Amino acid sequence: MANNAVIITDCDHYDIEVETEILSKNAIKFQKKQCKTEQDLIEQCQDAAVWINQYAPITENVLANSPNLKLVIRYGVGVNNVDVQAATKYGVQVCNVPDYGTQEVADHALACLLTLTRKVSQMSSLVKQGVWDYQKSIPVYRHSEQKVGIIGIGRIGTAFANRVHALNSQVLAYDPKMTEERINRAPEFVQFVDLETLLKESDIVSIHCPLDSAYHLIGEVELQKMKRSSYLINVSRGGIINEDALDKALTEGWIAGAALDVSEIEPIPLDSPLLRQENLYCTPHMGWYSEESAKELKRKVAEEAVRFLQGEQVHYPINNLT
């Protein structure tokens, strides 16, 4: 076996105590790096069969130059920084953790919805400036008379649907990867429609789909179909919304506002025109986070590495090597 069976290629978490406990308990040698580039990965991670990866780009070039690599496990749901097709070509299994922060992301989307629709942050700022006037919030609408459109009705989209259903809102849904299984698994109160119908009829549109099927799904054409009184929420992946189009939509009043937990470049550049929009709220890709979900994520990536190295079936394969 190589000097290190596992290398954590990069990780911005506060510590790796959970991973350390699980890997050490199973007598698995590992090392943590902070790789940022392809060259970092090629130069620093060659002696491990398993990489636990957060952001470092695992490209075809990296895979072609990493002959010992057999498994990549992503910290999180998305695998857009991993060339999965190339990994399959080179016989590298790719895994993610799709089920660790479902409730947290759905909660965060709901928090974004309520911040936008009830104008909580906006009015709090005014009160602190000495303006005590509810009329500054006008208009605010009753949730039970609004439609919430959900793009992506997987684990997180379904959890969010259940939350907004509790507000007595009507729930519309569209999924770029629509399957009969997803339709059958969705709650009975969800009404499936095409994307154009969802955009035209929804008072709030919330995005919950992966980037690979939806890059720039929302651009100028789509934003112009939305109501001028509607809001857009994205807690999924930044590239799903064309940010230039969103800036134009907010500037010209095509929609009433937006809330983003993600951006196409993260951190979002300080000179991004979006940050000057008063009707835009941003958080730093934190929707997944709670103390519990963070520990669950760290536990699951470590356990997946252990399973693989002990010859067991991995739980969260992305690609099929057979």
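Keep in mind it's a predicted model, so treat the numbers as computed, not measured.
No donor-acceptor distance shorter than 3.5 angstrom exists from the side chain of Asp107 to the backbone of Glu104, with no hydrogens or angles considered. A donor-acceptor pair under 3.5 Å is absent between the side-chain atoms of Ser202 and the main chain of Val205, judged by distance alone. No donor-acceptor pair under 3.5 Å is formed between the side chain of Asn4 and the backbone N or O of Asp47. The main-chain N or O of Ile268 is never found under 3.5 Å from a side-chain atom of Ser272 such that the two would form a donor-acceptor pair. Formation of a donor-acceptor pair under 3.5 Å by the Ser66 side chain with backbone atoms of Leu63 is not found in this model. No side-chain donor-acceptor contact under 3.5 Å links Thr115 to the backbone of Val120. The main-chain N or O of Pro98 is never found under 3.5 Å from a side-chain atom of Lys300 such that the two would form a donor-acceptor pair. With Ser213 contributing its side chain and Cys209 its backbone, the two residues share no donor-acceptor pair below 3.5 Å. Between the side chain of Ser230 and the main chain of Lys227, a donor-acceptor pair closer than 3.5 Å is present. Between the Arg182 side chain and the Ala186 main chain, no donor and acceptor come within less than 3.5 Å of each other.
Lys25 has no carboxylate O lying under 4.0 Å from a charged side-chain N of Glu21, or vice versa, which leaves the two without a salt bridge. Residues Lys89 and Glu60 are paired through a salt bridge, judged by an N-O separation under 4.0 Å between the basic side chain and the carboxylate. Here Lys225 does not pair with Glu222 in a salt bridge; the nearest charged N to carboxylate O distance is not below 4.0 Å.
The structure places OG1 of Thr20 at 3.5 Å from CZ of Phe30, a figure rounded to the nearest 0.5 Å. One finds the CD1 atom of Ile22 at 7.0 Å from the CZ atom of Arg299 (value rounded to the nearest 0.5 Å). Here the straight-line distance linking atom OG of Ser290 with atom CD of Glu296 works out to 8.5 Å at 0.5 Å rounding. The structure places CG of Leu167 at 13.5 Å from CD of Glu145, a figure rounded to the nearest 0.5 Å. Rounding to the nearest 0.5 Å places OG1 of Thr158 at 11.5 Å from CZ of Phe160.
Atom CZ of Arg276 has more than 12 heavy atoms from other residues, nucleotides or ligands within 6.0 Å. Enclosure of atom CD in Glu266 by more than 12 non-hydrogen atoms of other residues, nucleotides or ligands within 6.0 angstrom is indicated. Summarising the local packing, CD of Glu180 is surrounded by 12 or fewer heavy atoms from other residues, nucleotides or ligands at distances under 6.0 Å. Within 6.0 Å of CD on Glu17 lie no more than 12 heavy atoms contributed by other residues, nucleotides or ligands. Around atom CD of Glu278, no more than 12 heavy atoms belonging to other residues, nucleotides or ligands sit under 6.0 Å away. Within 6.0 Å of CD1 in Ile265 there are 12 or fewer heavy atoms belonging to other residues, nucleotides or ligands.
If you check the side chains of Gln46 and Asn68, you find no donor sitting under 3.5 Å from an acceptor. Under the 3.5 Å distance criterion, with hydrogens and angles disregarded, a donor-acceptor pair is assigned to the side chains of Gln277 and Asp247. With no hydrogens or angles considered, no side-chain donor-acceptor pair links Tyr75 and Asn96 at under 3.5 Å. If you check the side chains of Ser169 and Gln146, you find no donor sitting under 3.5 Å from an acceptor. No side-chain donor from either of Asp10 and Gln34 sits under 3.5 Å from a side-chain acceptor of the other. Side-chain contact, Gln103 with Arg163: a donor N or O sits under 3.5 Å from an acceptor N or O. A donor-acceptor contact under 3.5 angstrom links the side chains of Thr283 and Asp261, judged on distance only. In the model, His208 has a side-chain atom that pairs as donor or acceptor with a side-chain atom of Ser206 under 3.5 Å. No hydrogens or angles considered: a donor-acceptor pair under 3.5 Å links the side chains of His216 and Glu264. Looking only at atom types and distance, the side chain of Asn81 has a donor-acceptor partner in the side chain of Asn53 under 3.5 Å away.
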**Report entry** Pair Ser121-Ser124, side chain to side chain donor-acceptor pair (under 3.5 Å): steps then yes or no
**Finding:** CA-CA 5 Å; Ser121 182; Ser124 175; over 6 Å; no
Requested in this report: Given side chain to side chain donor-acceptor pair (under 3.5 Å), test Gln93 with Asn319 step by step and report yes or no.
Outcome: CA-CA 6 Å; Gln93 180 71 68; Asn319 55 339; 2.8 Å; yes
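Legend: residues meeting ring pair (Phe, Tyr, Trp, His ring centres under 6.0 Å) with Tyr100, ordered by chain and number and at least two apart, are absent. Under the side-chain hydrogen bond (donor to acceptor under 3.5 Å, both in side chains) criterion, Ser137 pairs with no residue, sequence neighbours left out.
Remark: of the listed residues Val235, Ile241, Ile207, Ile241 is the sole one forming a side chain to side chain contact (heavy atoms under 4.5 Å, CB included) with Leu260.
Smallest separation of non-hydrogen atoms from Met226 and Tyr231: CE-O, 3.9 Å.
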